[in-house]
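The next block holds one structure in the form of structure tokens; read it before the comments.
When a ligand or atom number is given, it counts from 1 through the structure's own listing order. Position 1 is the first residue of the sequence; numbering continues from there. Keep in mind that this is a model prediction, so the values were computed, not measured.
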Amino acid sequence: MQEVKVFAPASVGNAIVGFDMLGIALEQPGDEIIARYSDAPGLRITAISGDEGRLSCDPQRNTAGLAALKLLEHLDKSGIGIELEVHKHMPFGSGLGSSAASAVGGAFAVNLLLGSPLSKKELLPFAMQGEQLASGAWHADNVAPSMLGGVVLIRDNASLDVQILPSPPDLHAAVVYPQVEILTKSARGVLAPHITLKQHVVQSGMLGGFIISLFTGDYALMQRSLHDTIIEPQRASLIPHFYEVQAAATEAGALGCSISGAGPSIIALCRGKDAAALAGEAMQSVFTAAGIAHKLYLSAINPNGVKAIL
Ligand code: HSE
């Protein structure tokens, strides 16, 4: 194989209830990465699109490039001539795991080109090093779902002990992205470093309830559990009209609605495709009335994660 092309999906970090420890892979949007052999030794990024000129072609300063470089170093293949193309199909600082998708795509594409010496789980540390460049912190709640698909629990970020959870087939997401940029680094900066024992107890109950509902398909339990009592109140003011959008989604029948990752995107989890479309429409109407440009993504849970495409 001389060339491969891969699709790395967007993801919803935190999955409403599990800050830095849960993430959901979406079917769309996602980034496309091409890797091909070249005669010139070393890794080069030869094309980037969809970034409005903001990304660096220096592999050391590009999330896809750094992930690929770290993988090549690990495999002792840094001297091989490889060209990467990075085609972005989602905005930066959107809360959709844009940098994680590129990092996952970079590591996966180069691994595939080399004949897949490593498994997807084994690629996680390299994608994480790429993602860390953008997010400034080590949390796998976007990288792991983009790589593996599904709803993923990060049991431990340090050792990348990640567990794929089941999800009911009719679980759908409506994600609205208002065109306001919030970089993860700054959205993490607003968070208080401590929580109270009571907050811990309440939020752990939500997390446990949500996880049980994924296993059992108990949507009433899921609805009771989909609340973020710790992070959402601290970040809501960064997103214009957040509480109105959240109310619109729940009034339209969403099971739960909160900030997607570090925002500004807002996710509503819903039972069924039609319910997601209704919640999405309701959320959009708030931004439309406020004159804020936005985009809606409707998606089932993506069970596959990153994959080769033609
Ligand atoms: N868990 C991360 C956060 C996701 O909320 O800051 C964003 O990358």
Side-chain angles (χ1 to χ4, degrees), residues 8-26 29-31 63-64 66-67 88 90-105 124 127-148 150-158 160-163 165 173 175-178 180-195 199-200 203-204 206-207 210-211 226-239 242 246 256-267 269 297 305:
S11 55
V12 175
N14 306 334
I16 303 181
V17 293
F19 178 70
D20 277 1
M21 55 183 133
L22 273 183
I24 300 175
L26 298 179
D31 289 346
T63 56
L66 188 62
K88 299 227 39 99
M90 61 178 127
F92 298 98
S94 57
L96 290 163
S98 174
S99 54
S102 290
V104 164
L124 287 173
M128 283 294 291
Q129 289 175 72
E131 154 78 331
Q132 196 182 17
L133 188 66
S135 93
W138 186 268
H139 50 89
D141 52 323
N142 290 113
V143 161
S146 182
M147 182 75 82
L148 306 170
V151 183
V152 180
L153 169 72
I154 295 93
R155 204 278 307 159
D156 179 50
N157 274 293
L160 294 176
D161 179 353
V162 302
Q163 305 293 325
L165 304 173
V175 184
V176 178
Y177 161 60
V180 184
E181 186 173 280
I182 299 180
L183 292 178
T184 298
K185 276 181 195 166
S186 39
R188 293 180 82 81
V190 304
L191 300 178
H194 302 291
I195 59 167
Q199 285 176 303
H200 160 72
Q203 197 58 41
S204 300
M206 300 291 180
L207 174 65
F210 178 61
I211 290 176
L226 280 172
H227 299 283
D228 172 5
T229 59
I230 296 176
I231 307 299
E232 178 189 292
Q234 300 184 67
R235 286 180 169 166
S237 63
L238 301 175
I239 305 169
F242 170 76
Q246 184 184 52
C257 174
S258 189
I259 301 168
S260 173
S265 290
I266 301 174
I267 178 174
L269 279 174
Y297 300 98

Legend entry - Heavy-atom nearest neighbour in the protein, as seen from atom 4 (C) of ligand 1, with distance rounded to 0.1 Å: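 For atom 4 (C) of ligand 1, the nearest protein heavy atom is Asp141 OD2, 3.5 Å.
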Enumerated ligand 1 atoms positioned under 4.0 Å from heavy atoms of [X]:
X	value
Arg188	1 (N), 2 (C), 3 (C), 6 (O)
Asp20	1 (N), 2 (C), 3 (C)
Phe19	3 (C), 5 (O), 6 (O)
Asn14	1 (N), 2 (C), 3 (C), 5 (O)
Asn142	4 (C), 7 (C), 8 (O)

Under 3.5 Å: donor-acceptor pair, side chain of [X], backbone of [Y]:
X	Y	answer
Asp31	Gly105	no
Ser135	Ala137	yes
Ser260	Gly95	yes
Lys88	Ser102	no

Legend entry - Over all atoms of both residues, closest heavy-atom pair of His227 and Met206: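 Minimum heavy-atom separation between His227 and Met206: O-CG, 3.7 Å.
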Inset, instruction - Taking all heavy atoms of Pro91 and all of Leu96, pick out the closest pair and write down the distance. - result: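 Reported closest heavy-atom pair: CD-CD1, 4.4 Å.
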Legend entry - Residue selection (non-hydrogen contact nearest atom 5 (O) of ligand 1) among Arg235, Lys185, Glu131: Arg235
